[in-house]
Amino acid sequence: MSSDTVTLRRPDDWHVHLRDGALLQAVLPFTARAFARAIIMPNLVPPVTSVAAAEAYRGRILAALPPGLDFTPLTTAYLTDDSDPAEIERGFRAGIFAAVKLYPAHATTNSAQGVTDIARTYRVLERMAALGMPLLVHGEVTDPDIDVFDREAVFIERVLAPLIRRLPQLKIVLEHITTKEAADFVAAAGETLAATVTAHHLLINRNALFAGGLRPHMYCLPVAKRETHRLALRRAATSGNAKFFLGTDTAPHPIADKERDCGCAGIFAAPAALEIYAQVFAEEKALDRFEAFASLNGPRFYGMPANERRITLARRPWRVPATVPTAAGPLRPFLAGEEIAWRLLP
Ligand code: NCD
Ligand code: ZN
């Protein structure tokens with residue numbers, strides 16, 4: 001490995017929104033070009049709550065996969081107040097539910113049927129703990145009295161810490177962490193808690209949302225925080241600590257749904273996410289730890305083997321496309337039109 005190339009086992013993306021229909025068709029190649037496997041978020045409309053729905057969704061993903069791309073979607077269950085422990089266990093044993101996703105009700109895009117009170121899900125969570133099945137957490141409280149920039153830190157205090165005390169054996173991934181509080185909490189917790197970190201949260205702070213005007217394509221949830229938090233995330237991701245791994249939270253919405261009054265939360269990161277991570281690790285002089293973050297820590301936490309094939313990224317500038325066409329209208333990728341220093345070699 002020179003400072004201009006890095007070769008690693010094929011990475012996986014442990015947090016992806018692939019959507020459905022025309023959007024799925026358009027965005028899937030961007031994830032499948034770079035990642036061997038991905039955890040597929042279940043926040044469709046209606047959400048993926050049953051084994052049958054997840055099986056059908058997986059079938060649609062595989063049908064949309066361009067020939068020649070080797071990609072395995074790991075589908076998940078959307079947790080509701082009414083989720084049935086037996087259905088969750090059946091899906092896990094059948095290899096259809098790789099994990100369960102907890103959205104606090106109304107926390108983010110398509111979370112209206114999410115959990116209103118974690119206590120209502122204890123029977124499911126106890127079953128998952130017994131099975132060794134991971135719970136993936138959107139870690140934000142939804143209380144309108146809590147400042148939007150504090151919602152992750154308050155969630156840790158009010159919901160996550162008590163949950164871990166109650167069910168210490170439950171494997172939990174705190175998804176898309178955005179704060180120093182989250183990075184510190186995860187690092188200090190036991191082996192059963194891990195976290196994903198997005199490429200965009202390693203790159204931007206909240207100033208990016210207001211740079212020269214309102215920037216809807218920089219808006220996602222949890223929203224980017226101030227610079228001290230971004231720096232803490234960079235330290236955590238590049239530290240070599242096995243509790244932190246790659247999850248892009250690529251979350252495409254048509255431009256028309258982003259650029260309007262009450263625009264949707266979600267950043268379409270997939271077109272350049274892997275390359276941005278490589279750039280961040282290069283900037284932090286941590287390319288020797290990139291493979292652990294991108295390709296080893298995630299599978300280890302999920303209890304899956306790492307991928308065997310290798311990929312190489314090189315310092316070879318290219319430009320992110322300005323738009324990506326879809327039958328549901330064009331998408332604007334993260335860093336549209338900008339130059340990226342690193343490139344995945346074919
Ligand atoms: C996601 C989406 O659009 O589905 N949006 C986002 O801002 N990240 C939902 C989520 O993961 O919060
Ligand atoms: Zn997400």
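We use all heavy atoms of the structure for the numbers below, so side chains are in, but hydrogens, waters and symmetry mates are not.
- A salt bridge between R343 and E275 is absent, with no side-chain N of the basic residue lying under 4.0 Å from a carboxylate O of the acidic one.
- More than 12 heavy atoms of other residues, nucleotides or ligands lie within 6.0 Å of CD in E339, so this atom counts as buried by the packing criterion.
- Salt bridge status for R151 with D143: absent, with no side-chain N to carboxylate O gap under 4.0 Å.
- R10 contributes no side-chain N or O that, together with a main-chain N or O of N307, makes up a donor-acceptor pair within less than 3.5 Å.
- Y122 carries R166 over the face of its six-membered ring, with the cationic atom under 6.0 Å from the centre and within 45° of the normal.
- For the pair K171 and F301, the cation sits on the ring face: its NZ or CZ lies under 6.0 Å from the ring centre, inside 45° of the axis.
- Ion pairing of E87 with R90 is present here, as a side-chain N (NZ or NE/NH1/NH2) and a carboxylate O approach within less than 4.0 Å.
- Between E55 and R58, none of the side-chain N atoms (NZ, or NE/NH1/NH2) sits under 4.0 Å from a carboxylate O, so this pair counts as no salt bridge.
- With salt bridges taken as basic N to acidic carboxylate O contacts below 4.0 Å, one links D70 and R309.
- No side-chain donor-acceptor contact under 3.5 Å links E175 to the backbone of G139.
- When side chains are defined from C-beta on, L23 counts as touching P254, because their heavy atoms get closer than 4.5 Å.
- Here the two rings, on H138 and H176, have centers that are under 6.0 Å apart.
- Only one option out of L135, T196, V137 pairs with L174 in a side chain to side chain contact (heavy atoms under 4.5 Å, CB included); it is V137.
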